[in-house]
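In what follows, every heavy atom counts, from backbone to side chain, and hydrogens, waters and symmetry copies are set aside. The structure displayed is predicted, hence computed values, not measured ones.
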Amino acid sequence: MLRFYSGEASHRQEIDRILPRLPDDPMRDWVRMVADPFGGGRGLVPRLPSMIAAARNHPERLTALAVAAWILDEIALAVRTFDEAVRSWRTRGPIPDGLAGVAALAYFEYGRWAQAREVCADIGALAAGKLDHAAACVLATDAMVLAAQGDTVEARALAERALRLVDPLESRSVAVHARRATAAAAAAEGDYESAYEQYRTLFDRGGDPVHYHASYPALPELAAAAARTGRHAEAAEIVERSARALAEGGSARLHALVERSRALLAAPERAERAFLAALEEPALEQRPFEHAQTRLEYAEWLRRRRRIAEARPHLAAAHDVFARLDARPWAERARAELRAAGTDVAVPDPHGLAELSPQQRQIVRLAARGLTNREIGERLFLSPRTVGSHLYRVFPKLGVTTRAQLRDVVDAGGVPRE
């Protein structure tokens with residue numbers, strides 16, 4: 001994992017030198033996947049499911065393979081494997097600190113933000129004062145979640161703490177995630193100049209990624225900030241340089257992010273083709289936040305060209321995802337676009353909480369935190385069907401139509417989340 005965290009080119013050269021001497025076994029495959037995801041590691045993707053199946057009952061190996069799946073952008077497989085590994089580790093002891101930070105990142109990308117923060121809290125408590133790098137990893141990840149949710153002050157504070165715990169040159173991955181969080185916080189506050197300056201640090205002066213894996217997913221964020229600050233040419237050069245580097249070995253998800261970045265920077269006659277190329281990629285749908293961001297940006301482009309009817313479905317779908325994730329700056333932006341498109345956005349009724357039974361209020365609080373019906377049932381000793389039935393009956397009383405709106409009801413009602 002040293003190669004992954006450091007992002008240092010000399011480490012890759014050393015790995016390339018050593019790999020041919022290693023036995024032809026799963027360990028060599030794992031090293032290649034983690035160290036060279038856009039080269040030799042990409043060709044090993046088809047072998048991952050069988051490797052994971054062979055690692056059952058071995059949480060150390062499962063966790064390592066989940067890391068490899070995440071690095072290769074096989075996000076659904078990574079999350080399933082992390083789930084299994086975490087369950088196994090919790091029966092035997094804490095998850096390895098050097099790998100847990102990646103689990104939190106995978107949950108964040110997969111849209112399970114509450115779980116990402118739980119992992120960060122668990123590892124942060126174990127690592128505090130003892131394992132600076134592990135602590136920095138989870139602080140940076142937690143900062144990214146909070147920035148996306150609009151808690152900009154805390155996100156910035158966590159990112160700064162992460163950067164104080166490590167040498168950015170020795171752990172470029174931590175530095176990239178911390179600076180992405182700082183940049184996202186600035187963008188949420190409307191300070192796109194500061195946001196662009198932070199995103200720009202993720203690529204060197206020549207436009208190459210500071211970290212061989214962590215920098216690339218920030219391309220659309222860099223492009224969005226550049227478009228708002230008049231730096232189209234500089235950002236477009238970085239995007240196209242990245243596109244060339246990823247042309248052969250880049251994942252489908254990264255290709256979609258390149259297209260989204262191109263769309264944000266392109267002239268009007270070329271933007272739509274790039275937006276559609278990004279949205280047509282199924283891999284992007286597995287990361288709900290990135291997919292919703294793309295739909296919102298495309299819908300904004302459509303509405304500004306008076307194609308209102310085409311924009312509305314994208315706006316509504318994006319808003320629902322942002323509301324479910326509690327990505328408040330993005331939800332507010334989607335609501336503003338919906339109003340501009342002539343669509344009323346339902347306002348939840350916090351006073352309806354008083355009409356609910358104590359058990360129904362418990363269910364609403366837990367659902368507002370993002371728990372599934374099964375997870376709520378396990379906590380309250382109810383069946384998932386009973387939980388679903390309660391939610392079906394309380395929605396009209398609260399003035400909501402989706403689970404994603406429950407967070408607003410709880411917040412507006414001043415009801416503490418238990």
Side-chain angles (χ1 to χ4, degrees), residues 1-7 26-27 29-53 55 58-89 95-113 115-120 122-123 133-134 137-138 140-142 144-145 171-174 176-177 180 209 211-218 246 249-257 281-291:
M1 290 297 290
L2 176 62
R3 156 67 177 155
F4 173 74
Y5 284 121
S6 74
M27 175 54 72
D29 290 342
W30 183 83
V31 171
R32 189 172 293 283
M33 285 186 281
V34 172
D36 191 19
F38 309 134
R42 172 62 42 191
L44 297 171
V45 169
R47 298 180 59 181
L48 265 174
S50 61
M51 293 171 71
I52 290 168
H58 296 281
E60 303 95 334
R61 290 167 58 192
L62 278 177
T63 306
L65 288 168
V67 170
W70 174 76
I71 289 174
L72 291 167
D73 275 338
E74 299 295 316
I75 187 66
L77 180 61
V79 167
R80 288 197 302 270
T81 309
F82 273 127
D83 283 346
E84 185 174 349
V86 168
R87 283 194 297 270
S88 182
W89 275 110
I95 188 170
D97 60 272
L99 304 177
V102 178
L105 283 165
Y107 290 138
F108 171 56
E109 291 180 6
Y110 203 55
R112 287 159 56 171
W113 290 7
Q115 191 170 7
R117 297 207 66 202
E118 286 177 9
V119 171
C120 289
D122 289 346
I123 301 305
H133 189 269
C137 286
V138 296
T141 302
D142 211 10
M144 289 175 67
V145 179
S171 186
R172 290 173 174 83
S173 63
V174 170
V176 166
H177 293 129
R180 277 187 72 182
H211 186 277
Y212 74 101
H213 180 271
S215 292
Y216 286 128
L246 297 169
S251 67
R253 176 242 187 161
L254 290 177
H255 290 158
L257 292 183
E281 176 47 61
L284 201 61
E285 296 180 21
Q286 295 183 346
R287 289 171 172 80
F289 187 48
E290 290 179 355
H291 190 239

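Remark: the backbone N or O of G250 is not paired with any side-chain donor or acceptor of R42 at under 3.5 angstrom.
Atom CD of Q286 and atom CD1 of I75 lie 8.0 Å apart (nearest 0.5 Å). A distance of 10.5 Å separates CG in D73 from CG in L284, rounded to the nearest 0.5 Å. A distance of 7.5 Å separates CG of L72 from NE2 of H213, quoted to the nearest 0.5 Å.
Taking 4.5 Å as the limit, every side-chain heavy atom of E281 sits out of range of all side-chain heavy atoms of H255. In this structure, the side chains of E109 and P217 stay at 4.5 Å or more apart for every pair of heavy atoms. Side-chain atoms of L48 and L44, non-hydrogen and from C-beta on, never get closer than 4.5 Å to each other. Counting heavy atoms from C-beta outward, H177 and L105 have side chains that approach closer than 4.5 Å. The side-chain heavy atoms of E60 and T63, taken from C-beta on, include no pair separated by under 4.5 Å. Using a 4.5 Å heavy-atom threshold, the side chains of Q115 and D83 count as touching. In this structure the side chain of M33 reaches within 4.5 angstrom of the side chain of M51, judged on heavy atoms.
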Residue pair L65, L77: steps toward the side chain to side chain contact (heavy atoms under 4.5 Å, CB included) verdict: CA-CA 10 Å; L65 288 168; L77 180 61; over 6 Å; no

Residues F38, Y216; criterion ring pair (Phe, Tyr, Trp, His ring centres under 6.0 Å); working and verdict: CA-CA 12 Å; F38 309 134; Y216 286 128; 5.8 Å; yes

Residue pair T81, W70: steps toward the side chain to side chain contact (heavy atoms under 4.5 Å, CB included) verdict: CA-CA 10 Å; T81 309; W70 174 76; over 6 Å; no

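Note: F289 and W113 meet the aromatic proximity criterion, with ring centroids under 6.0 Å apart.
In this structure, P209 and S215 approach most closely via the heavy-atom pair CB-CB, 3.6 Å. Of all the heavy atoms in Y212 and V34, the pair that sits closest is OH-O, 2.7 Å. Between S173 and A214, the closest heavy-atom pair is CA-CB, 4.4 Å. Nearest heavy atoms, A116 versus F108: CB-N, 3.8 Å. Contact record, V174 with C137: CG2-SG, 3.6 Å, taken as the closest heavy-atom pair. In terms of heavy atoms, C120 sits closest to V138 at SG-O, 3.5 Å.
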